[in-house]
Amino acid sequence: MLIRVTADELDAAEAVASVANPGAGAINVFHGVVRNTNKGRGVSHLVYEAYGAMAEKEMRTIAEEARDRFALIDCAVFHRTGRLEIGETSLLIAVSCAHRVASFEGCHWLVDQIKKRVPVWKKEVWDDGEEWIEGPEALGMQQAPASLR
Amino acid sequence: MANHIRSLRSAESDFHPKRFRRARIVYNGDMTVTILFFASVAEALGLRKLVVPVQPNDTVGTVRDRLTADYPALARFVPNLLYALDEEYVRPSSPIGGGATLALIPPVSGGC
């Protein structure tokens with residue numbers, strides 16, 4: 001499993017190649033991309049910050065769990081940090097699997113889990129200001145699992 | 001206090017670096033913890049990293065409470081913070097010993 005937090009551009013071909021396997025009947029690739037609006041406001045660009053070492057650990061834990069839950073053959077998870085322009089990829093996931101349905105489900109589950117608990121933050125920068133975003137899906141103390149309360 | 005003495009004694013009687021790490025008690029004379037700040041919290045405090053003394057029987061929560069007294073700007077973040085000790089999520093009640101790294105984790109917003 002290829003797991004990476006990096007300031008460099010994310011390369012989908014590399015992710016796909018890393019999960020390729022003769023037993024795979026499907027390779028599913030997800031790009032999380034920087035959008036030009038949020039809540040009706042024009043976004044100029046985003047800045048991502050990560051607790052790099054822990055983010056990679058959490059991404060690996062989530063990827064291992066996804067592999068077991070959805071019988072994935074392999075998966076790659078890349079997250080980018082630093083300044084990202086509109087249209088650039090911030091999160092890249094590739095999963096390989098014997099059958100297509102599990103590849104969609106595994107990919108979807110991975111994205112959701114990453115948004116919940118991987119220590120990465122994004123700042124939205126608008127023409128007239130900026131703000132660190134608190135992800136609506138993030139585990140905060142209110143909805144933290146019992147093990148963290 | 002009794003707990004603290006007990007953990008130090010068991011650590012001394014069974015000196016093995018890995019055991020110390022697991023017990024989160026490092027008996028190397030380092031009685032400080034490193035605190036890491038990120039994103040909104042780092043900006044509000046104007047601080048990314050801080051080394052503070054740790055006391056016997058300290059938990060993540062007691063260290064956080066002393067820090068909040070010293071840095072009142074931290075208070076508004078506390079209700080939504082999670083905590084990581086040496087890169088793993090822990091409860092506020094988790095014991096913390098010298099040499100540890102404590103990260104204050106505001107609600108994450110990675111992905112897309």
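Chain A is the first sequence line, chain B the second, and so forth, proteins listed ahead of strands; every chain is numbered from 1.
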Side-chain (B:Ser109) to main-chain (A:Lys122) donor-acceptor, under 3.5 angstrom:
yes
Residue pair B:Leu36 / B:Leu104, side-chain heavy-atom distance below 4.5 Å
no
Output the option from B:Ala39, B:Cys112, B:Gly110, B:Pro106 having the highest count of non-hydrogen pairs under 4.5 Å with chain A.
B:Ala39
Under 4.5 Å from any heavy atom of chain B - which part of A:Ala55:
neither
Using a cut-off of under 4.5 Å for heavy-atom pairs, which of A:Glu131, A:Lys123, A:Arg117 has the most such pairs with chain B?
A:Arg117
Under 4.5 Å between any side-chain heavy atoms of B:Leu85 and B:Val60, yes or no?
yes
Quick one: does any side-chain atom of A:Ser96 pair with a main-chain N or O of A:Val19 as donor and acceptor, under 3.5 Å?
yes
Best-contacting candidate, A:Val33, A:Val118, A:Thr81, against chain B by heavy atom pairs under 4.5 angstrom:
A:Val118
Are A:Leu84 and A:Arg80 side-chain neighbours, meaning at least one heavy-atom pair lies under 4.5 Å?
yes
Where does A:Tyr51 contact chain B at under 4.5 Å (heavy atoms): side chain, backbone, both or neither?
both
Atom group of A:Glu134 that falls short of 4.5 Å from chain B, counting heavy atoms:
both
Without swapping roles, check the side chain of B:Asn80 against the backbone of B:Pro107 for a donor-acceptor pair under 3.5 Å.
no
Please look at A:Trp121 and chain B and tell me whether the side chain, the backbone, both or neither of the residue comes under 4.5 angstrom of a heavy atom of that chain.
both
Sort A:Glu58 into side chain, backbone, both or neither according to what part of it lies under 4.5 angstrom from a heavy atom of chain B.
side chain
